[in-house]
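One structure is given below, encoded as C-alpha cells.
Quantities reported herein were computed from a predicted structural model and do not represent experimental measurements.
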Amino acid sequence: MSTAAALLADHRRYFDSGATRTAAWRRDQLRALLRLLAEREDELTGALEEDLGKSRTEGFLSEVAVVRAEAGYALKHLDRWMAPEKIAVPGGLRPGRAWSQARPLGVVLIIGPWNYPLQLVLAPLVGALAAGNAAVLKPSELAAATSRVLARLVPEYLDREAVAVVEGGAEASTDLLAQPFDHVFYTGGERVGKIVMKAAAEHLTPVTLELGGKSPAVVVGGDLRAAARRIAYGKFMNAAQTCVAPDYVLTTPAAAPILAEALAAAVRDFYGSDPSTSGDYGRIINEHHFDRLVGLMDGGTVVSGGRHERAERYIEPTVLRDVDPGSALMQEEIFGPLLPILEVADLDEAIRFIGTRPHPLAAYLFSDRDEHLRTFTERVQAGGLAHNVCTIQLAVPGLPFGGVGASGTGSYHGRQSFETFSHVQPVFSKPTRVDTLRLAYPPFGPIKRRLLRRLL
C-alpha cells in the first residue's frame, strides 16, 4: 500500500466513525484554524515573504485575512447551512414529509497552487471542515517555505486524524491522485487541471477546478485616473501572479494614452520610481516563469517599466501598447507584471473581442454609465464580473467564486464552499397507518385513471 493509500484509509476510518459530522467538531476545527491564523501570523507571512517576496502586510491582506473572513463567515452561518430544508409534498403523496439535508462527502483532496500558497489551500479547507469532511492538503512544492510551515502548523492546531498535509512534488501529487478520494479540489493552471480531471475520472470522483485565463479590463468611461489606480492595484499585487488579475486592457484610442500615463503614475505612487527597492513589491516565483515573462515582452511596445533582473527574479511593473493580438502575449495567460493595452472603438467591440476568446475567470468594466454596466453584465460570459474595481471581489465571503469553461468548473467561498463539499441528500418519509398509495396500485380501471389524472 502506498503512503497516500494508507493515509486515505486512515482518514476514511476516522470519517466513518462519525467524529467529523457533529456541529461541535466542525465549530472546533474552524475556531482552531482561526487561532492558527492569529497566533502564527508572523510565521505564515514570513514564509510568504520568503517564497514570493510579499511584504508582511500584503501577505496578511491577501492571504491571512481572506482565510480568516471565510472561517468567520462559516462559523456565523453554520447552523443554518446544516439545518434540514423542508420540501413541499404534492397532494397525491400525502400524508408524508420531504426534506433535504447536507451531508459530508467523506475524505477530500485539496491541491494548492504556488501564487497564493496559504489562502488557496486553507480557504477551500474552510468549506471542507464546515461540511464535516476529513481532508488531505497538498501545498505547492514551488512555494517551499509556505508548504513547510503548513506541514508543521496544521497538525498542531487541527484534528490530525482528520486533516493531513502531504509535501512533495509531482510524484506525491500523482500518488494522491491515484487514490479514490470523495472529491478533488484543485487550483492551478489548465494543463495540470486536465491531468487532475483525467485522474479523478478513473474513480468517478467529482472535481472542482479553479483555473485561470486572460481576464480583461474594459475602460470606456468614468475617471480614467481612478480606473488606472484600481487596475494597477489589482494587477501588480503579488507581482501580478494572481489568477483574477486583469490580464489586458481594452480601451478607446482617445483614452489609451491617458490611461497608459496614469498607470505609470499609479505604479510610481505605489512602489516609487524604482520598484525593485520597494518593500511592497514582490518577486517572480522562479527563473522558469521569469524567462517566460521576459520573452512575452516582444509582443508590444513598452511604454513604462520593462526593467528586469534575473538573479533577483525581479520584473518591473510594465505597460505595453501597440500590441499584436496574435502574439504570445495575447494567446496565453500572462500571470506576471506585464499589462498590454489594446484599442477598441467602443464597448460593443470590446465585448465582441472578449467573446472570441475562451471564457475568462474574471472580467472588469470601468464606466460611470448604467447602460454600460447593464450591457457588460448581460453579454460577457466569465467566471465573475466586477464594475470599477479589480481583484478585490474575492474578499466578499458571500460571493461564489469559480470559473466557466476553460477557466474552471465548480465554485466556492461562503455557502458555496459548504455546498461544494456536501451532498445534498433528499429524504421522503411516509407513514404506513393508512395506505393512500392504493390508488396508484394496478390494476387501473376507468375510475382510478380519472382520479389519478385529477390528483397528479
Side-chain angles (χ1 to χ4, degrees), residues 47-55 58 111-117 120 139-147 168-171 173 187-195 211-215 232 234-249 263-264 267 271 274-278 280-342 357-358 360-361 406:
L48 295 169
E49 186 175 42
E50 182 178 342
D51 285 328
L52 290 152
K54 287 189 185 187
S55 70
E58 183 178 315
I111 304 176
W114 53 261
N115 60 324
Y116 287 85
L120 297 180
S140 173
E141 70 278 11
L142 298 182
T146 306
S147 179
E171 185 177 341
S173 297
T187 305
E190 182 179 341
R191 181 186 65 82
V192 177
K194 292 177 180 179
I195 295 171
L211 306 177
K214 296 186 74 64
S215 297
K235 174 67 174 180
F236 297 120
M237 70 165 65
N238 199 33
Q241 297 165 117
T242 303
C243 58
V244 292
D247 196 84
Y248 63 95
V249 174
L263 284 164
V267 169
Y271 307 115
D274 182 4
S276 69
T277 65
S278 171
D280 295 316
Y281 184 65
R283 295 297 184 266
I284 306 305
I285 185 67
N286 57 32
E287 289 80 4
H288 169 73
H289 285 284
F290 176 92
D291 294 339
R292 178 184 64 83
L293 290 165
V294 171
L296 292 178
M297 288 189 190
D298 294 338
T301 301
V302 173
V303 295
S304 67
R307 291 177 290 182
H308 49 86
E309 175 55 57
R310 192 174 193 271
E312 298 295 325
R313 294 179 284 117
Y314 166 75
I315 297 179
E316 186 177 15
T318 300
V319 178
L320 304 100
R321 292 187 62 192
D322 305 321
V323 175
D324 179 2
S327 69
L329 187 66
M330 290 303 298
Q331 300 307 307
E332 62 181 76
E333 183 179 9
I334 295 170
F335 221 67
L338 314 180
L339 184 60
I341 298 177
L342 290 83
R357 293 165 176 261
L361 186 55

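Looking at Pro337 and Leu293, their side chains come closer than 4.5 Å, going by heavy atoms from C-beta outward. Side-chain contact between Tyr314 and Phe290 is absent, with no heavy-atom pair separated by less than 4.5 Å. Within the 4.5 Å cutoff, the side chain of Leu339 has heavy atoms near those of the Val249 side chain. Proximity of Pro317 to Pro275: side-chain heavy atoms (C-beta onward) are separated by under 4.5 Å at one or more points. In this structure, the side chains of Met330 and Leu342 come closer than 4.5 Å at one or more pairs of heavy atoms.
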Item to check | side-chain contact (heavy atoms from CB on, under 4.5 Å) between Val323 and Leu329, intermediate numbers included | outcome: CA-CA 8 Å; Val323 175; Leu329 187 66; 4.0 Å; yes
Next on the checklist: For Ile111 and Thr187: C-alpha separation, side-chain torsions, deciding distance, then whether side-chain contact (heavy atoms from CB on, under 4.5 Å) applies.
Outcome noted: CA-CA 6 Å; Ile111 304 176; Thr187 305; over 6 Å; no
Next on the checklist: Before you tell me yes or no, could you show the steps for Val302 and Val319 under side-chain contact (heavy atoms from CB on, under 4.5 Å), namely the whole-Å CA-CA distance, both residues' side-chain angles and the distance that decides it to 0.1 Å?
Outcome noted: CA-CA 6 Å; Val302 173; Val319 178; over 6 Å; no
Next on the checklist: Is there a side-chain contact (heavy atoms from CB on, under 4.5 Å) between Ile341 and Leu263? Walk through the geometry before answering.
Outcome noted: CA-CA 11 Å; Ile341 298 177; Leu263 284 164; 3.9 Å; yes
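A donor-acceptor contact shorter than 3.5 Å is absent between the side chain of Asp322 and the backbone of Thr301. Panel note: side chain Ser278, backbone Asp280; a donor-acceptor pair is recorded below 3.5 Å. Checked by atom type and distance alone, the side chain of Thr318 pairs as donor or acceptor with a backbone atom of Gly306 at under 3.5 Å. Lys235 places no side-chain N or O within 3.5 Å of a backbone atom of Tyr248 that could act as its donor or acceptor partner. Between the side chain of Glu287 and the backbone N or O of Arg310, no donor-acceptor pair lies under 3.5 Å.
Among residue pairs with one or both ends in residues 324-342, those qualifying as salt bridge (charged side-chain N to carboxylate O under 4.0 Å, His left out) are Arg292-Glu332; sequence neighbours excluded.
Put simply, OG on Ser327 and CG on Leu296 are 8.0 Å apart, with the number rounded to the nearest 0.5 Å. Going from atom OH of Tyr116 over to atom SG of Cys243 covers 8.0 Å, rounded to the nearest 0.5 Å. Rounded to the nearest 0.5 Å, atoms CD1 (Ile285) and CG (Asn238) are 8.5 Å apart. Separation of atoms NZ (Lys54) and OG1 (Thr146) is listed at 8.0 Å; rounding is to 0.5 Å. To the nearest 0.5 Å, atom OG of residue Ser276 and atom CD of residue Glu316 are 8.0 Å apart. A distance of 8.0 Å separates NZ of Lys214 from CD of Gln331, quoted to the nearest 0.5 Å.
By the salt bridge (Lys or Arg N to Asp or Glu O under 4.0 Å) test, Glu190 is found to be paired with Lys194, residues two or more places apart in sequence or in another chain being considered. Considering only residues two or more places apart in sequence or on other chains, Arg283 meets the salt bridge (Lys or Arg N to Asp or Glu O under 4.0 Å) condition with none of them.
Looking at Asp51, Asn115, Asn286, Leu52 one by one, the single match for side chain to side chain contact (heavy atoms under 4.5 Å, CB included) with Leu142 turns out to be Asn286.
Of all heavy-atom pairs spanning Gly189 and Leu211, the tightest one is O-CD2, 3.6 Å. The heavy-atom pair separating Ser147 from Ser140 by the smallest distance is CB-O, 3.8 Å. The two residues Ala245 and Ser215 make their nearest non-hydrogen contact at O-CB, 3.6 Å. The shortest non-hydrogen separation linking Asp247 to Ile334 is OD1-N, 2.9 Å.
Aromatic ring pairs are classed by plane angle as parallel below 30°, tilted from 30° to 60° and perpendicular above 60°; the pair His289 and Trp114 is tilted.
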